[in-house]
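Remarks on the structure that follows.
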Amino acid sequence: MGGLVGILFSLIAITSLLPVYAVGGTTRSYEFNIKLQNVTRLCHTRSMVTVNGKFPGPRIVAREGDRLLIKVTNHVSNNITIHWHGIRQLRSGWADGPSYITQCPIQTGQTYVYNYTVVGQRGTLFWHAHISWLRASVYGPLIILPKLHVPYPFVKPYKEVPIIFGEWFNTDPEAIIAQATQTGGGPNVSDAYTFNGLPGPFYNCSAKDTFKLKVKPNKTYLLRLINAALNDELFFSIANHTMRVVEADAIYVKAFDTETLVIAPGQTTNVLLKTQSKFPGANFLISARPYVTGQGTFDNSTVAGILEYESSIPMKNLPLLKPTLPSLNDTSFVTNFSNRLRSLASAQFPANVPQKVDKHLFFTIGLGTTPCAKNKTCQGPNGTRFAASINNVSFVQPSVALLQSHFFDQSKGVYSPYFPISPLHWFNFTGTPPNNTFVSNGTKVMVLPFNTSVELVMQDTSILGVESHPLHLHGFNFFVVGQGFGNYNPKKEPKSFNLVDPVERNTVGVPSGGWVAIRFIADNPGVWFMHCHLEVHTSWGLKMAWLVLDGKLPNQKLLPPPADLPKC
């Protein structure tokens, strides 16, 4: 009994430390030990960085309104940070996780507690390392259930199953990006895609490592699909089964049925799978393979799992049915699919789309080059080095964290507050590219006063080839109000914007050879990273940061940093 009282008192003690806005939630504590673990796939054994020795890492489950305390201790030689992808982090930017943006990394032997409250969010998200390419093995599901006794706005599933897509490399991804950085060329591609860490039977020496989904007939399953792959958008399908899409990026959507979906890295999608009414006498492949728009090399392979129906009589040698996936470059499928995603926009789950805009911004998104250093040979285009940029600014990672520099008024020499609101040099963005493909370099942020209503148009460019770029914005969700192909026309396009029920998300694909328009309210003070979620492009500089200033009221100000915030 004394033990229980002690637990209750320690809970009361913890609860008394809660920020004001966590009332009604529970505090959930997790321990993440960053450690090396030997993992074997495709007959290759690798010592890889993991959380708690697991690949993929552990599942985090919370409810809307809960406070999370996740203690991360680093037992490896690499620096580490963890990002809670899609969590708004209202006034708690210190817990967001991107290295050198909101924090210095956790160094060997150090510990940092990520402390944040889940406010007004429920659904499927994920967590991953946010430094170099360590997220190749450091990732896992982050599942936020609705508040107690609040139902889903769809039929209650019989069972919920997270399926997290990943990439397997036979060699160390850190060595791959280090080599590419040295040569200026494109990095080597992965050797397999995975479902929950398993590549499946289409790869050499891999049949035993196959994800199996065992189901009962005539039941509804909620599949929580997460794309944690490093560099690839993926098509996903289950043979002879239709899926009902009900959520994207932890926001409910108007339900629609599809045989196939496409998910970019950084995106999540919840689907309802209604199983067949009686035992079908077959097994069904669950498959994913890449959607590819760029010119570079890519991992052209297929991950497969198996959907098996439970049967009272053990069945041997059942036929195995395969799904038909779109062709690798099927942009029209991707466009049609993304156009079907609409917010519920109901009384309970409104779509609060900003109707007036304070700040119109236009960003070009694409690849480019930088000159090779003197007396060196480089493996990028025409002997240059590959680069990538936003408005032709390739982001230079600072050596101290931007959020600390801002909070303590020490920004001089760390970053410039003058990120360009539009490109300095205009050209036919999706037509014949200019001869000069060099980017400029800098650590620049876009400053926004608190509560600014922003409309941002992101335009793909044809420099080194048009390509789809999944852009992820930290600290916010945004509404995707329009998209199209070719060059954005500011006189014509806004007339067809959807300001009623556009999809709301945290990661959106800038269409290959096209543009996308998003709107959001800058109601979260802090420094917020925005970057392409294809890791190779982030490494090349396709990233920038937003600095949202404090508001006037106490609850509109960034909270001070925690005492254990890592030092650079």
- Item | Test item: Tyr415 and Lys444 side chains (from C-beta on) under 4.5 Å apart, heavy atoms | no
- Query: Which word best sums up how the rings of Phe476 and Trp528 line up, parallel for under 30°, tilted for 30 to 60°, or perpendicular for over 60°?
  - Reply: perpendicular
- Message: Tell me if the CD atom of Glu160 is crowded by more than 12 foreign heavy atoms within 6.0 Å.
- Response: yes
- When Leu542 is tested against each of Cys532, Ser389, Ser394 for side chain to side chain contact (heavy atoms under 4.5 Å, CB included), which residue passes? Cys532
- Query: Quick check, are the ring centers of Phe479 and Phe497 under 6.0 angstrom apart?
  - Reply: no
- Item | Shortest non-hydrogen contact from Ile80 toward Ile82 | CG1-CD1, 4.4 Å
- Message: Looking at Ser453, is its backbone amide N or carbonyl O close enough to the side chain of Asp358 to form a donor-acceptor pair, meaning the two atoms are under 3.5 Å apart?
- Response: yes
- Take the angle between the ring planes of His83 and His472 and call it parallel below 30°, perpendicular above 60°, tilted in between. tilted
- How close do Val303 and Pro199 get, heavy atom to heavy atom, and via which atoms? CG2-O, 3.4 Å
- Is Leu225 close to Val271 at the side-chain level, that is, under 4.5 Å between some pair of heavy atoms? yes
- Does the Arg340 side chain pair with the main chain of Asp257, one donor and one acceptor, at a distance under 3.5 Å? yes
Let me have the donor-acceptor pairs involving side chains of residues 417-425, under 3.5 Å, with sequence neighbours excluded, atom names and distances please.
none

- Query: What are the two closest heavy atoms between Leu142 and Ile60, and how far apart are they?
  - Reply: CD1-CG2, 3.3 Å
- Query: Minimum heavy-atom separation for Asn231 to Val536, with atom names?
  - Reply: OD1-N, 2.8 Å
- Task: Check the angle between the aromatic planes of His241 and Phe284 and answer parallel, tilted or perpendicular using the 30° and 60° thresholds.
- Result: perpendicular
- Applying salt bridge (Lys or Arg N to Asp or Glu O under 4.0 Å) to Arg385 and not counting sequence neighbours gives none
- Partner of Val503 under side chain to side chain contact (heavy atoms under 4.5 Å, CB included), picked from Asn477, Asn339, Val508, Val253, is Val253
- Task: Would you check if the side chain of Thr364 reaches a backbone N or O of Ile390 as a donor-acceptor pair within less than 3.5 Å?
- Result: no
- Query: Is there a donor-acceptor contact under 3.5 Å from the side chain of Ser462 to the main chain of Gly465?
  - Reply: no
- Message: Do Arg505 and Ile251 make a side-chain contact, defined as non-hydrogen atoms from C-beta onward lying under 4.5 Å apart?
- Response: no
- Message: Looking at every non-hydrogen atom in both residues, tell me the closest pair between Asp299 and Tyr193 and how far apart they are.
- Response: O-OH, 2.6 Å
- Trace of the side-chain contact (heavy atoms from CB on, under 4.5 Å) decision for Trp84 with Leu125: CA-CA 8 Å; Trp84 317 94; Leu125 295 170; over 6 Å; no
- Task: Only one of Thr507, Asp249, Ile263 passes side chain to side chain contact (heavy atoms under 4.5 Å, CB included) with Thr268; say which it is.
- Result: Asp249
- Does Arg88 come within less than 4.0 Å of Asp96, counting only side-chain N to carboxylate O? no
- Item | Asp460 side-chain N/O to Trp515 backbone N/O, donor-acceptor pair under 3.5 Å | no
- Item | Arg519 side-chain N/O to Pro354 backbone N/O, donor-acceptor pair under 3.5 Å | yes
- Would you confirm whether Glu247, through its side chain, and Thr124, through its main-chain N or O, come within 3.5 Å as a donor-acceptor pair? yes
- Message: Under 3.5 Å, is there a donor on one side chain and an acceptor on the other for Glu233 and Ser468?
- Response: yes
- Do you see a donor-acceptor pair shorter than 3.5 Å between the side chains of Tyr291 and Thr331? yes
- Task: Decide side-chain contact (heavy atoms from CB on, under 4.5 Å) for Leu456 and Phe362; before the verdict, give the C-alpha distance in whole Å, the side-chain angles of both, and the deciding distance to 0.1 Å.
- Result: CA-CA 6 Å; Leu456 168 63; Phe362 183 84; over 6 Å; no
- Message: Show, in sequence, the C-alpha distance, side-chain angles and deciding distance for Ile306 and Thr210, and conclude whether the side-chain contact (heavy atoms from CB on, under 4.5 Å) test is met.
- Response: CA-CA 7 Å; Ile306 298 173; Thr210 299; 4.2 Å; yes
- Task: Please indicate whether Asn428 has more than 12 foreign heavy atoms, meaning atoms of other residues, nucleotides or ligands, lying under 6.0 Å from its CG.
- Result: yes
- Message: Would the distance check show the side chain of Asn441 and the main-chain N or O of Val396 forming a donor-acceptor pair, the cut-off being under 3.5 Å?
- Response: no
- Item | Considering all heavy atoms, the nearest Leu344-Lys254 contact | O-NZ, 3.5 Å
- Task: Please confirm whether the backbone N or O of Leu448 pairs with a side-chain atom of Thr452, one donor and one acceptor, at under 3.5 Å?
- Result: no
- Query: Cation over ring, Arg59 on Trp127, under 6.0 Å and within 45°?
  - Reply: no
- Task: For this output row, return yes or no: ring centroids of Phe235 and Phe333 closer than 6.0 angstrom.
- Result: yes
- Message: With no hydrogens and no angle check, just 3.5 Å: does a side-chain donor-acceptor pair link Asn204 and Ser206?
- Response: no
- Answer yes if the ring centres of Tyr100 and Phe395 are under 6.0 angstrom apart, and no otherwise. no
- Sole residue of Asn498, Val510, Val516, Val457 in side chain to side chain contact (heavy atoms under 4.5 Å, CB included) with Gln483: Val516
- According to the side chain to side chain donor-acceptor pair (under 3.5 Å) rule, which pairs have a member within residues 130-142, sequence neighbours left out? His130-His474, His130-His531, Ser132-Glu174, Trp133-Ser539, Arg135-His533, Arg135-Glu535
- Message: Any donor-acceptor pair under 3.5 Å linking the side-chain atoms of Asp501 with those of Ser343?
- Response: no
- Message: Any side-chain to backbone donor/acceptor pair from Asn489 onto Lys491? Under 3.5 Å, distance only.
- Response: yes
- Tell me, with the steps shown, if Glu259 and Thr242 meet side chain to side chain donor-acceptor pair (under 3.5 Å). CA-CA 5 Å; Glu259 319 279 302; Thr242 298; 3.0 Å; yes
